[in-house]
Protein chains: 4
Amino acid sequence: MEATLNKQDLILSAALSLFADRGFDGTTVPMIAEAAKVGAGTIYRYFENKEALVNTLFEQGTLALTEATVGQLYQEGDDVRTQFRHFFYGMVTFAKQDINGLHFLVTHAQGWYLTLENKQLFEQLQKGLYAFCDYGIEQKMIRSMSSPVLIAIVFGAFKELYNAVRLGGVVLSAELIEQVEECCWNAIEYKK
Amino acid sequence: MEATLNKQDLILSAALSLFADRGFDGTTVPMIAEAAKVGAGTIYRYFENKEALVNTLFEQGTLALTEATVGQLYQEGDDVRTQFRHFFYGMVTFAKQDINGLHFLVTHAQGWYLTLENKQLFEQLQKGLYAFCDYGIEQKMIRSMSSPVLIAIVFGAFKELYNAVRLGGVVLSAELIEQVEECCWNAIEYKK
Amino acid sequence: MEATLNKQDLILSAALSLFADRGFDGTTVPMIAEAAKVGAGTIYRYFENKEALVNTLFEQGTLALTEATVGQLYQEGDDVRTQFRHFFYGMVTFAKQDINGLHFLVTHAQGWYLTLENKQLFEQLQKGLYAFCDYGIEQKMIRSMSSPVLIAIVFGAFKELYNAVRLGGVVLSAELIEQVEECCWNAIEYKK
Amino acid sequence: MEATLNKQDLILSAALSLFADRGFDGTTVPMIAEAAKVGAGTIYRYFENKEALVNTLFEQGTLALTEATVGQLYQEGDDVRTQFRHFFYGMVTFAKQDINGLHFLVTHAQGWYLTLENKQLFEQLQKGLYAFCDYGIEQKMIRSMSSPVLIAIVFGAFKELYNAVRLGGVVLSAELIEQVEECCWNAIEYKK
DNA sequence: AATGAATGAGCCTTCATTCAT
DNA sequence: GATGAATGAAGGCTCATTCAT
């Protein structure tokens, strides 16, 4: 069944866990090899070096998160409140899929080892979210504030929450997620 | 003015910046020495090793943040809303004092190099904040949710915001801070 | 011929020479690596650290010397004089096999880096020799003196002699060895 | 009373103990400073560097041992047996004076840090002893053997014995010393 | 293709030596 | 003269990377 996981995926998956837990610099290639159950040399058949590996993970993650969030916005006929919900549940889905993926992305987004392309890719994601905020402000649905601040609030809250989940301190029920979504919306919604 | 800074403080300050930017494992002792403008060996006159250095910073930071936040709570005669404001402005003051300090703390709180004492110190801080949430819930001023979740939301938002400030993407005016404080309160306040 | 020597043996052999010549603290790992014609890192594939390396050598040497000396004693039917000869030629054989081995052992037997096990192993060797002296005294073949003193005399003489050989100042012929053996026996034999 | 010991002597004395115990390379300058109860910098007021310090000790020791041994030989009217006794008791006196001095000399005589002058000084001492042996052989009082071998036997035995004393395993009474002297003489005396 | 032994650059740390006080 | 804080060269050791099998 899961024998279909090829070596490259094994390596990527092992590396993601370790990077999320210990950071790029705190993770050694032998650690990844052992966790992926491959020889250390094998990693270099699939990735030019350790930096290429982290950049591959970062790119995949950023693209997936972009798709899961920005990609949910602007669905025809949706009002800003609904779009926000879609955006939020996009993050939830992304986070659920791989509890480490989100933490890896946010803890490695400023890494010195990231390529310019990947740094820009992450900025694109942020800009997409800023644009949504600006649209919501225009529609008088979202508080009139600098959109990076608004995104920081929502995204920061979400990120911290899932970090607590990842570390085992919090268990999220569907109901709780719904409440958190409401909290986040309350934080940024436009008040008459 | 600042010529009074002794070598130990120079080292601590340089290390804090570098740890905040590159993480513990991504920062080398020679990097710290160069940034502090001291010889590499000098660092070992003040700190037993690199781990002792990071633990000193972590302890100082955690104590200061505890004082700045939990220490602001439960002032006589204050209602929950006012206490929250004090707590929030405590964080603002802390963050303003050393823009790297907050980011350092949160990015290093799970580090393998932390002593048990420091891990417990940080947990104490969290527990203090949870207790405040529970009190607010009891007073029907804060939404009835698991307090770690509430703290994650407020603290995550704040942290992300100041990270944006640290990275230069956001400039905080007094007015903007006030608004953010309101946002955070809105996120968690009790709704009839 | 000796192309069969594996890396571990190359390292052990190079380390033995250097330790014998310069002592443990005066020998650097890069020195050993160069002498063994391996990379410095390779040494750590075979030995946990420099101390483990010196302890391996010490253990091997002590066991071999014990076998070569104490192991020669108490052969059935041998009188004390013959046993002494066997003991002496056991040392000769040991010293010939590796001219550095004996000097390494005696110069490192008090080292702070030795494990308790190795210190005890060396003490066992000494005790074995003491026991032989006590036996010889009982048989009225060896002078009645404290056995550590008797052993110090014979062993010290032998050791110093082979150190002179090692340093190139003395060449030992079979005949000379025989004479030295007689000298040593004369030193400790029982006189009517 | 002993306040007359100046700093230089304090340093020399502390260094001698430490070198004898841990060897030159295993002894650090701060160790010496602490044992001598002076600042580390003070050592450099009296000695150009660590090597100069060890060479000073080695020179003093070699000269004193030469005086104590070779200096006792060839006293008018003494036969070879008596001269040997004087030589032997010269060593005893030397060793008694500073139990570490003898061990320091013999364990450091091949050190890479010794100056050529000091190496030659030590060789002179050896040559003086060789000459005595040759004289004794000529007089048919000492066994006809290569004199370095004879010296190795006597000196090696003596050295090892006093090392045992130094390490606390053996206590030498006047009577025991007399016996050991006899043993050593027996080892090398001419047999009809 | 896969491995892991081997390598050496670079890390953390120590310590001989200097120098301002 | 005496000190010990400061330094940086060098040591022990790790680990990213290569390559023979």
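Quick caveat: nothing in here was measured; it's all calculated off a predicted structure.
Taking the six-membered ring where the residue is Trp, D:Y113 and D:F24 present tilted rings, their angle falling between 30° and 60°.
Paired with D:S17 under the rule side chain to side chain donor-acceptor pair (under 3.5 Å), one option of D:T27, D:D98, D:N100 passes, and it is D:N100.
When distances run from any side-chain atom of A:V38 to the nucleotides F:dT3, E:dT3, E:dA6, the shortest one goes to E:dT3.
When every heavy atom of A:A15 is checked against every heavy atom of A:L57, the shortest pair comes out as CB-CD1, 3.8 Å. The nearest pair of heavy atoms linking B:N55 to B:T115 is OD1-N, 2.9 Å.
Ion pairing between a basic and an acidic side chain is recognised when a charged N comes within 4.0 Å of a carboxylate O; A:R166 and A:D21 show such pairing.
For the pair B:K37 NZ and F:dG8 C1', the computed distance is 19 Å after rounding to whole Å. Counting to the nearest Å, the P atom of F:dA16 and the OH atom of A:Y113 are 14 Å from each other. Rounded to whole angstrom, the span from the CD1 atom of A:I43 across to the P atom of F:dA16 amounts to 9 Å. The distance from atom CG of D:L10 to atom C1' of F:dA2 is 13 Å, rounded to the nearest whole Å. B:I32 has its CD1 atom 12 Å from the P atom of E:dC11, to the nearest Å.
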Reading DNA chain F 5' to 3', how would its secondary structure be written in dot-bracket notation, given Watson-Crick and G-U pairs with both distances under 3.5 Å, brackets [ ] for crossing pairs and | for partners on other strands? .||||||||||||||||||||
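D:Y46 comes within contact range of the sugar-phosphate backbone alone, with a heavy-atom separation under 4.0 Å but no base atom that close.
The backbone N or O of D:F58 sits less than 3.5 Å from a side-chain atom of D:T62, completing a donor-acceptor pair. A distance-only check finds a donor-acceptor pair linking the side chain of D:T107 to the backbone of D:H103 [under 3.5 Å].
Considering CG of D:L65 and CZ of D:F94, their distance stands at 5.0 Å, rounded to 0.5 Å.
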If a protein heavy atom is under 4.0 Å from the base, mark B; if only from the sugar-phosphate, S; if neither, -; do that for nucleotides 13-21 of chain E going 5' to 3'. BBSSBB---
